[in-house]
Amino acid sequence: MLSRLRPAVSHLLTTHSGFADLSVEKIISIAGIARSTFYAYFDDKGHLLRWLAADAADDVVGAVEPWRCLPDDAGRDDLRSAMRVLALAYREHSATMSALAQMAALDGGVAESYRQFMHRGAEKIETHVRGGYERGAIRAEIDPIRTVDWLVTMLERGLYHHLRAADDEELARHVEVLTDIVWQTLYAGVPGRPTE
């Protein structure tokens with residue numbers, strides 16, 4: 001049953017205007033399962049979304065790892081590669097991540113899942129920024145905690161708004177802009193960093 005549900009909902013997320021407007025009836029009809037079967041596994045469609053989003057969130061948070069692990073002497077090309085990994089992971093799961101963001105305002109359980117997802121990603125970025133700041137590999141002029149808060153908020157909104165429907169060419173342009181923003185914010189002019 002669950003093996004039919006995931007592709008059915010994924011299809012609905014890419015072809016429907018929003019998860020909030022989907023009824024359980026529509027979901028079970030497309031998946032070809034009985035209402036009683038649905039409710040044997042899930043309390044409601046918010047519970048279903050949390051289940052669907054768990055793997056997507058893991059993939060997106062995992063895609064922060066190349067950035068977190070950048071060495072202190074990493075250059076702009078290294079950062080661009082790390083930003084590309086994150087952008088590709090988000091785009092792959094953009095329908096699910098968009099549904100999660102939209103439903104967070106309507107469902108307390110989804111809101112908590114979304115908060116945990118954001119916190120996990122922020123922790124990885126904070127680890128990188130704090131560690132680099134302490135080692136002198138991040139610009140000394142920044143406030144590391146507030147900078148991380150701004151970067152995480154910018155990333156969450158930017159990925160949501162700009163990458164959902166981006167083709168490869170558009171994604172590459174956004175990765176370039178994101179690279180420039182992060183480079184100028186964290187690394188530009190730091191001794192030991194390449195200038196390009």
Side-chain angles (χ1 to χ4, degrees), residues 6-7 9-11 13-14 19 48-104 110-133 135 137-138 142 144-188 193-194:
R6 185 179 298 275
V9 176
S10 294
H11 171 75
L13 288 175
T14 58
F19 188 81
L48 168 67
L49 180 58
R50 293 192 310 272
W51 172 74
L52 288 169
D55 289 340
D58 286 347
D59 286 352
V60 174
V61 169
V64 176
E65 197 65 14
W67 182 13
R68 188 189 71 77
C69 293
L70 281 178
D72 290 348
D73 62 349
R76 189 184 290 259
D77 288 341
D78 301 311
L79 179 62
R80 184 180 300 106
S81 294
M83 295 297 105
R84 181 169 169 71
V85 169
L86 178 57
L88 286 169
Y90 188 90
R91 183 178 69 176
E92 178 183 343
H93 299 291
S94 63
T96 303
M97 298 311 297
S98 294
L100 193 64
Q102 292 165 1
M103 285 295 292
V110 174
E112 178 59 22
S113 292
Y114 195 67
R115 188 198 64 74
Q116 288 175 9
F117 155 69
M118 293 297 296
H119 180 73
R120 287 172 44 218
E123 279 184 326
K124 286 181 179 275
I125 296 168
E126 184 177 334
T127 298
H128 173 73
V129 172
R130 274 185 183 239
Y133 184 82
R135 293 187 305 276
I138 300 281
I142 71 164
I145 301 305
R146 286 182 179 84
T147 300
V148 168
D149 287 345
W150 274 96
L151 286 173
V152 168
T153 302
M154 177 196 72
L155 280 166
E156 187 270 338
R157 293 286 81 199
L159 293 170
Y160 175 81
H161 284 289
H162 299 301
L163 296 185
R164 287 184 291 170
D167 61 19
D168 289 346
E169 188 177 310
E170 185 66 13
L171 183 132
R173 285 195 291 270
H174 283 292
V175 166
E176 194 61 39
V177 170
L178 179 57
T179 300
D180 288 343
I181 291 168
V182 173
W183 182 264
Q184 293 301 324
T185 302
L186 298 178
Y187 312 113
R193 292 265 182 203

*What's the spacing between Ser94 OG and His161 NE2 if we round to 0.5 Å?*
13.0 Å
*Return the minimal non-hydrogen interatomic distance between Ala74 and Pro194, and the atom names on each side.*
O-CD, 3.6 Å
*Go through the steps for Arg120 and Glu123 under the test salt bridge (charged side-chain N to carboxylate O under 4.0 Å, His left out), then give the verdict.*
CA-CA 5 Å; Arg120 287 172 44 218; Glu123 279 184 326; over 6 Å; no
*Taking only Lys NZ, Arg NE, NH1 and NH2, and the carboxylate oxygens of Asp or Glu, determine whether Glu112 and Arg115 approach each other closer than 4.0 Å.*
yes
*asked:* To check you understand the geometry: which heavy-atom pair defines the closest contact between Ala87 and Leu159, and what is its length?
replied: CA-CD2, 4.4 Å
*Would one find more than 12 heavy atoms of other residues, nucleotides or ligands at under 6.0 Å from atom CZ of Arg91?*
yes
_Side chain Asp59, main chain Ala56, donor-acceptor under 3.5 Å_ = no
*Minimum side-chain heavy-atom gap Trp150-Thr185 below 4.5 Å*: no
*Are any of the side-chain nitrogens in Arg80 or Asp77 under 4.0 Å away from the carboxylate oxygens of its partner?*
yes
_Would you compute the distance between atom CE of Met83 and atom CG of Leu88 and round it to the nearest 0.5 angstrom?_
12.0 Å
*asked:* In terms of relative ring orientation, are His128 and Trp67 parallel, tilted or perpendicular, with 30° and 60° separating the classes?
replied: tilted
*Donor-acceptor pair, Arg193 side chain versus Asp72 backbone, under 3.5 Å?*
yes
*Spell out, as yes or no, whether a donor-acceptor pair under 3.5 Å connects the side chain of Arg68 to the backbone of Val64.*
no
_Quick check: closest heavy atoms across Val60 and Ala89, and the distance to 0.1 Å?_
CG2-O, 3.9 Å
*Under a 4.5 Å cut-off applied to non-hydrogen side-chain atoms, are Phe117 and Glu156 in contact?*
no
*Should we count CZ of Arg130 as having more than 12 external heavy atoms under 6.0 Å?*
no
*Are the side chains of Leu155 and Leu86 in touch, meaning some heavy atoms are under 4.5 Å apart?*
yes
_Rounded at 0.5 Å granularity, tell me how far CD in Glu92 sits from CG in Leu163._
13.0 Å
*Between Gln102 and Tyr160, do the side chains contain an N or O donor and an N or O acceptor separated by less than 3.5 Å?*
yes
_So which atom in Val148 and which in Ala122 form the shortest heavy-atom distance, rounded to 0.1 Å?_
CG1-O, 4.1 Å
_Non-neighbouring partners of Leu52 that pass side-chain contact (heavy atoms from CB on, under 4.5 Å), sequence neighbours left out_ = Arg6, Val9, Leu48
_Distance check, rounded to the nearest 0.5 Å: Asp180 atom CG versus Arg76 atom CZ?_
5.0 Å
_Minimum heavy-atom separation for Tyr187 and Leu70, please, with both atom names._
OH-CD1, 4.3 Å
*How about Phe19 and Thr96: do any of their side-chain heavy atoms sit closer than 4.5 Å?*
no
*Please round to the nearest 0.5 Å and tell me the distance separating atom CE of Met97 and atom OH of Tyr114.*
6.0 Å
*Which value, rounded to the nearest 0.5 Å, describes the distance between Leu178 atom CG and Leu151 atom CG?*
9.0 Å
